[in-house]
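Quick notes on the structure that follows.
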Amino acid sequence: MNERKTLEERAQMTDLERLRHSCAHVMATAILRLWPNAQFAYGPPVENGFYYDFDLKEHRITPDDFEKIEAEMRKIAKENQRFERIVISREEARAMAESGRLGGLADRPGNPSRFKIDLIDKIPEGEEISCFKNGEFIDLCAGPHVGYTSKCKNVKLMAVSASFYMGDESKGQLQRVYGTAFESKEELAQHLVQLEEAKKRDHRRLGKELKLFHIDEDVGQGLILWTPNGAVIRHELQTFISEELRKQGYNQVFTPHIGKLALYKTSGHFPYYKESQFGAIVENEAMQACADAGCTCAEIMQRLDALSGKLRQQINDRVGSEVIPESRVLPDDKLLDGFMLKPMNCPHHIKIFDSQPRSYRDLPVRLAEFGTVYRWEQSGELNGMTRVRGFTQDDAHLFCTEDQVAAEVLGCLSLVKVVLNTLGMNDYRVRVGLRDLDSSKFTGDPEKWDKAEDACRQAAATLGVPFTEEPGEAAFYGPKIDFVIKDVIGREWQLGTVQVDYVLPVRFDLSYVGPDNRPHRPVMIHRAPFGSMERFCGVLIEHFAGHFPAWLAPEQVRILTVSEKSEVFARDIAAQLQAAGIRYTLNADADKIGAKIRNAQLDKIPYMLVLGEKEAASGAVAVRHSKRGDLGVTPAAEFIANLVAEVKERRL
RNA sequence: GCCGAAGUAGCUCAGGGGUAGAGCAACGCAUUCGUAAUGCGUAGGUCGUGGGUUCGAUUCCCACCUUCGGCUCCA
C-alpha cells in the first residue's frame with residue numbers, strides 16, 4: 001500500500017487531498033520542532049485525513065501529545081509559510097538526505113534521512129525529483145501542495161499507531177500519527193460530529209445495548225452467540241431471503257459442518273488455504289495408531305497433508321496438468337485422513353449435485369443453504385460481527401450450462417437488488433473483477449473467460465447502480481461480481497460476491513447429459529450475495545442505527561400503562577397482539593408514563609401504546625412511534641390490522 | 001500474527017502498596033402519575049488470568065488471555 005503513486009495519480013489529487021497532504025507536511029514540521037531527531041518516512045492523504053509515518057526512538061507519541069503538536073501546527077499555519085516546489089538533481093537529493101536535511105528542519109549531521117534515501121533510490125531513473133519547502137522544513141515530495149500553510153489551520157490529530165516502512169516488518173517499526181483536515185472550521189466540526197454519530201451506531205455498542213448478540217471469551221473469540229433479540233432479526237431475514245429464493249427456483253439443502261480432508265484435497269482448498277483454516281479433526285484411534293508408530297508432530301502433519309497416488313493421478317488427469325506434485329503423495333498405509341470444519345460450502349453442494357445423474361433438462365440446479373463455515377482469521381482482524389471465525393453464509397451454488405451463465409448471473413443480481421431495496425440500502429456499488437490478461441494466475445480457456453466476463457459485465461450494467469471493472473481482481477477460477485455497500489455514514493462494507501467457476505466442476509469431474517446424449521461439463525456459480533448473516537446483520541444494525549423497521553424489530557410493540565387503573569385493558573390489548581402474532585411486551589410497572597416512554601425509546605421499540613383510562617373507556621390505543629413521535633389515538637383493531645400489514649409487506 | 005493502548009459492579013467510568021467508589025441498571029418499599037428519568041432504601045466486585053516482588057498487591061514487575069486502534073491478511 002505504501003507504493004509511490006505515479007505522477008499522474010498525484011496530479012489527480014482532489015483539492016481536499018492536496019490540503020491534507022500539505023497538513024501532513026505541517027504536522028511533520030511541528031513534530032520536528034518538538035523532537036528534532038524524528039526521521040520521516042511517508043505521509044500521504046488518506047480517505048478521511050492524512051498520516052505521516054516516522055521513526056522516533058526517544059519519545060513515543062501518545063494522544064496526550066496531540067495538543068502540543070496541534071498548537072505547533074497552528075503556529076505554523078499562522079506563520080503562513082509558502083509551499084515552494086524545488087526541482088533538484090538525484091545527486092543533490094542524495095546529498096541533502098545524507099546530511100539529514102530532507103524531512104528535517106536543518107542539517108542533522110550523523111542523522112541521515114534514511115527513508116528518504118530509500119525513496120530517492122526508488123524513483124525511476126530519468127524522472128524529475130522534487131522537494132517541497134515550507135519555512136524551515138524541506139521534504140522529498142512530488143506534491144502537489146496548497147500555496148500557503150495558512151490553509152492548514154482546520155486540523156485535528158486523531159490517532160497514533162504503529163506501522164512498518166513499506167508495510168515490511170523487517171524494516172523496523174514506525175510511529176504513525178493520523179490527522180484530519182478540512183477547508184473550513186465548519187466542515188471539520190461536522191466531520192467530528194459524524195464520527196460521534198458513527199460511534200453511537202457501532203454495531204458492537206448497539207449489539208450490547210439492545211442485547212442482539214454476545215461474544216464470550218470462554219466460547220472463543222470471533223464466535224458469535226446470537227441472543228434472542230438478534231436471533232429474531234436473523235430469523236426474519238432468513239425467512240425473507242428464503243421466500244425470494246423459492247421465487248427464483250432455488251432448492252434448499254442442509255449439510256453438516258464438517259467434511260473429510262480428502263474432499264478438500266480434491267477441491268484444492270487443502271492444504272492451499274491451510275493458514276486460514278482450523279486444524280484437522282482426527283479420530284482418536286487414528287491418532288493413537290500414529291502415536292504407537294512413534295510419529296512426530298511433523299510426521300502427523302505430513303500424513304494429513306499428503307494424498308494417495310490415485311487421487312493425485314485423478315485430479316491431474318482431470319485438470320490436464322501437474323497441479324498436484326509427486327511430492328505430496330504418500331503410500332496409502334501412511335495416509336492419515338481426518339475431518340475439517342468446513343471453510344466453505346461448495347464441496348458439500350457439489351456432492352449433492354453429483355449424487356445423481358443430471359440431464360441438461362434439469363439445469364440449472366440451484367442449491368441454497370444458510371451454510372455455516374469456519375475460518376481461522378488472524379486474531380487482530382476480528383471485529384464484532386463483521387469479521388469473525390464462524391459465520392453463516394447465505395450461500396448457494398448454481399450448476400448450469402455455459403449458455404445459461406449470463407441469465408443465472410443476472411438472476412443472482414436481481415435477488416440482491418430486491419433484498420437491498422426492501423431494506424432501504426440503496427447506496428451500494430458493484431465491482432466486476434476481471435482477469436489480468438498479462439497474468440498467469442488465471443487458469444482456463446480464454447474463450448470461456450471472455451464469455452463469462454461479458455456476462456458479468458452485462459449483468460452488472462442492468463442493475464442501474466454504479467459499477468467498476470477491475471482487471472486482475474477475478475478469482476483464479478473465474479470472474480466475479482462483488483457488492484460494496486455504503487452505510488449511512490459513508491463507510492464502505494464489502495458484503496457478497498457472485499463468482500463464475502470453471503475449475504471445481506473439472507476437479508470433481510462433474511457432468512450432465514446433453515441433448516446429444518453425451519456428457520458435458522457444467523459451469524458453477526458461487527454466490528453469497530450478503531456474505532454472511534453475521535456481517536450482514538452487523539451492517540444492518542449500523543444502517544438502521546438500531547431502529548429496526550417493525551418487521552425486523554425483536555420487540556415490535558411495547559404496551560405502557562399510565563397507571564394501575566388501565567392494566568386490565570392493557571392485558572386485553574396484549575392478548576389481541578398475541579393473537580395477531582405481534583412481538584410485544586407489557587410494561588405495567590409502577591413507573592411514571594414518562595419513564596416508561598423513555599425506556600422504550602432507549603430500547604428503540606418501534607411502537608409504544610400508551611394506555612390510560614381514556615383509552616380503556618373508548619377501546620382505543622394512543623400510538624407513539626419511536627422515530628415519528630406521538631401518532632394520536634386509533635381504534636385498537638385498526639392499529640393491529642395496520643401493523644400486521646406493515647410487517648407482512650416488510651415496510652420500512 | 002505484528003505494533004501500541006486498555007481490562008475495576010450488568011453498563012459507563014473514577015480511584016490507587018494497607019483487601020474498593022459514583023451514576024445508570026437490578027431488587028425492596030412508598031407513589032398510581034398522560035408522551036424521554038418520582039422518592040427513599042437494599043444488594044451487587046478474588047479490580048481479566050497465572051506467577052513474582054513485598055509484612056501486605058487490585059495498585060509495582062513478568063507472562064498469558066481478551067478487547068480497542070492501526071499494520072498485514074481475507075478462498
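In what follows, every chain begins at residue 1, and chains take the letters A, B, ... in the order their sequences are listed.
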- prompt: So, the side chain of A:N383 versus the backbone of A:T386: is there a donor-acceptor pair under 3.5 Å, distance only?
  reply: no

field: Atom C1', compared across B:A26 and B:C65: separation rounded to whole Å
entry: 29 Å

field: Out of B:A75, B:G70, B:U38, whichever nucleotide has its closest atom nearest the side chain of A:M344
entry: B:A75

field: Closest-nucleotide ordering on RNA chain B, the 5'-leading residue of A:N383 and A:E377
entry: A:N383

message: Using the side-chain heavy atoms of A:E564, tell me which of these nucleotides is nearest: B:U32, B:G69, B:G70.
response: B:U32

message: What is the separation between atom CG on A:L382 and atom C1' on B:U67, rounded to the nearest whole Å?
response: 11 Å

- prompt: To the nearest angstrom, how far is A:L206 atom CG from B:C11 atom P?
  reply: 16 Å

- request: Considering only NZ, NE, NH1 and NH2 on the basic side and carboxylate oxygens on the acidic side, decide whether A:E17 and A:R20 come within less than 4.0 Å.
  value: no

Which residues share a side-chain hydrogen bond (donor to acceptor under 3.5 Å, both in side chains) with A:R429, sequence neighbours left out: A:E492

message: Below 4.0 angstrom, which residues in residues 611-621 of chain A have at least one non-hydrogen atom near RNA chain B?
response: A:G612, A:E613, A:K614, A:E615

- prompt: Which nucleotide sits closest to the side chain of A:Q221: B:U35, B:A37, B:U67?
  reply: B:U67

task: Identify, residue by residue, the members of residues 387-394 of chain A with a heavy atom below 4.0 Å from RNA chain B, and return them in order of residue number, or none.
output: A:R387

field: Given B:G70, B:A75, B:A36, the nucleotide with the shortest approach to the side chain of A:R375
entry: B:A75

field: A:Y178 side chain near A:N48 side chain, heavy-atom distance below 4.5 Å
entry: no

message: Applying a 3.5 angstrom cut-off to the pairing atoms, does RNA chain B sit in any stems of at least three consecutive Watson-Crick or G-U pairs? List them by first number.
response: B:1-7 with B:65-71, B:10-13 with B:21-24, B:26-30 with B:38-42, B:48-52 with B:60-64

- prompt: Over how many whole Å does the gap from A:D55 atom CG to B:C3 atom C1' extend?
  reply: 13 Å

message: So, using ring-ring contact (aromatic ring centres under 6.0 Å, His included) as the criterion, who are the partners of A:F530 when residues are at least two apart?
response: A:F536

message: When the P atoms of B:A63 and B:G4 are compared, how many Å lie between them, rounded to an integer?
response: 11 Å

statement: For A:R389, the side chain to side chain contact (heavy atoms under 4.5 Å, CB included) test, sequence neighbours excluded, returns A:Q221, A:L223, A:F278, A:W376, A:E377, A:S379, A:L382

task: Name the nucleic acid region contacted by A:A590, choosing base, sugar-phosphate or nothing; use a 4.0 angstrom heavy-atom cut-off, strictly under.
output: base

field: 5' precedence on RNA chain B between A:V160 and A:Q499 (nearest-nucleotide basis)
entry: A:V160

- prompt: Got a sec, which residues hit side chain to side chain contact (heavy atoms under 4.5 Å, CB included) with A:A545, two or more places apart in sequence or on another chain?
  reply: A:R201

When the side chains of residues 599-609 of chain A are checked against the rest of the protein, which donor-acceptor pairs come out under 3.5 Å, sequence neighbours left out?
residue, atom, partner, partner atom, Å
A:N599, ND2, A:A595, O, 3.4
A:Q601, OE1, A:R624, NE, 3.1
A:Q601, OE1, A:R624, NH2, 3.2
A:Q601, NE2, A:S626, O, 2.8
A:D603, OD2, A:R558, NH1, 3.2
A:D603, OD2, A:R558, NH2, 3.0
A:Y607, OH, A:E646, OE1, 2.6
A:Y607, OH, A:E646, OE2, 3.3

query: Where the side chain of A:Y178 is defined as all heavy atoms beyond and including C-beta, which of B:U35, B:G70, B:G1 is the nearest nucleotide?
result: B:G70

For residues 343-352 of chain A, dump all side-chain donor-acceptor pairs below 3.5 Å to protein atoms at least two apart in sequence or in another chain.
residue, atom, partner, partner atom, Å
A:N345, OD1, A:K342, NZ, 3.0
A:N345, ND2, A:Q393, OE1, 3.2
A:N345, ND2, A:D395, OD2, 2.8
A:H348, NE2, A:I258, O, 3.1
A:H349, ND1, A:H397, ND1, 2.8
A:H349, NE2, A:E369, OE1, 2.7

Return the polar atom pairs (N/O with N/O) between nucleotides 48-50 of chain B and the protein under 3.5 Å, or none.
none

task: Not counting sequence neighbours, list each pair that qualifies as a side chain to side chain donor-acceptor pair (under 3.5 Å) and has a residue in residues 587-598 of chain A.
output: A:T561-A:K596

- prompt: Can you tell me how far C1' of B:A75 sits from CZ of A:R535, to the nearest Å?
  reply: 13 Å

message: Could you check, using the six-membered ring where one of them is a Trp, whether A:F115 and A:Y42 have ring centers closer than 6.0 angstrom?
response: no

task: Using a 4.0 Å heavy-atom cut-off across all strands, classify A:A622 as base, sugar-phosphate, or nothing.
output: base

message: Among B:A75, B:U38, B:U32, which nucleotide has an atom closest to any side-chain atom of A:K565?
response: B:U32

- prompt: Hey, does A:I597 reach any base, or is it just sugar-phosphate, or nothing, if we go heavy atoms under 4.0 Å?
  reply: base

query: Taking atom C1' of B:C68 as reference, at what distance in whole Å does atom NZ of A:K199 sit?
result: 11 Å

statement: Quick note, salt bridge (Lys or Arg N to Asp or Glu O under 4.0 Å) partners involving residues 206-221 of chain A, not counting sequence neighbours, are A:R205-A:E209

- request: Go through B:C68, B:U12, B:U35 for me and flag the one nearest to the A:V610 side chain.
  value: B:U35

field: Rounded distance in Å - CD (A:Q378) to C1' (B:U66)
entry: 17 Å

task: Grab the NZ-P distance between A:K592 and B:A30 for me, whole Å please.
output: 18 Å

